[in-house]
Amino acid sequence: MEKIGNMELFTHEEVLDRVVGEKGTSARAEFDQRMDEFLIGDAIRHTREANHLTQEQLGELMGVKRAQISKIESGKSITYSTIVRAFKAMGVKTASLDMGAMGKVALW
């Protein structure tokens, strides 16, 4: 924590420690897992939109229904095989998921 005048400034990690729990706790591990799943689902959605595909069309390419694509993009039903199938169906050959502070995703 840092102070500027009467204001206290906290880093992102300090806020997470206070609100969610410190690293190593079960609450923090669960939060980090849910955040990773959300970011992966969001990356799939962004890639789908960049390829001008609807959820229905991506579902057809993957052999699943639109509702399943909706779940995947919202961070539910995320498995390694699902991630690979989704990106392969959209022609993405390499995906680098950097789940750092900004949750950036690079796709090639």
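All values below come from the heavy atoms of this structure, side chains included, with hydrogens, waters and symmetry mates left out. Not measured: the values here are computed from a predicted model.
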Are Ile69 and Thr54 side-chain neighbours, meaning at least one heavy-atom pair lies under 4.5 Å? no
Output for pair (Arg18 CZ, Phe10 CZ), nearest 0.5 Å, gives 4.0 Å
Please lay out, stage by stage, how Ile78 and Phe38 fare under the test side-chain contact (heavy atoms from CB on, under 4.5 Å). CA-CA 9 Å; Ile78 296 283; Phe38 168 81; over 6 Å; no
Hey, are the side chains of Thr47 and Asn51 touching, using non-hydrogen atoms and a 4.5 Å cut-off? yes
For Lys65, which residues count as a salt bridge (charged side-chain N to carboxylate O under 4.0 Å, His left out) partner, sequence neighbours excluded? none
Straight-line distance of His12 NE2 to Asp17 CG, nearest 0.5 Å: 10.0 Å
Any chance you could measure Ser81, atom OG, to Lys88, atom NZ, to the nearest 0.5 Å? 11.0 Å
How many angstroms lie between CD in Glu56 and OG in Ser70, if you round to the nearest 0.5 Å? 12.0 Å
Is it true that Tyr80 and Phe87 fall in one hydrophobic cluster, defined by side-chain heavy atoms closer than 4.5 Å? no
Hits for salt bridge (charged side-chain N to carboxylate O under 4.0 Å, His left out) against Glu13, two or more places apart or cross-chain, chain-then-number order -> Arg28
Closest approach of Ala86 to Met62 (non-hydrogen atoms, all atoms of both residues): CA-SD, 3.6 Å
Candidate list Arg45, Arg48, Arg66, test salt bridge (Lys or Arg N to Asp or Glu O under 4.0 Å), partner Glu73, passing option: Arg48
Side chain to side chain, Val15 and Thr11, heavy atoms closer than 4.5 Å: no
What's the spacing between Asp32 CG and Thr25 OG1 if we round to 0.5 Å? 8.5 Å
Once you round to the nearest 0.5 Å, how far does NZ of Lys76 lie from CZ of Arg34? 10.5 Å
Please examine the side chains of Lys3 and Leu9, heavy atoms only from C-beta on, and report whether any two atoms are closer than 4.5 Å. no
Close side-chain approach of Thr82 to Ile44, heavy-atom, < 4.5 Å: no
Does the side chain of Val64 come within less than 4.5 Å of Arg85's, by heavy atoms? yes
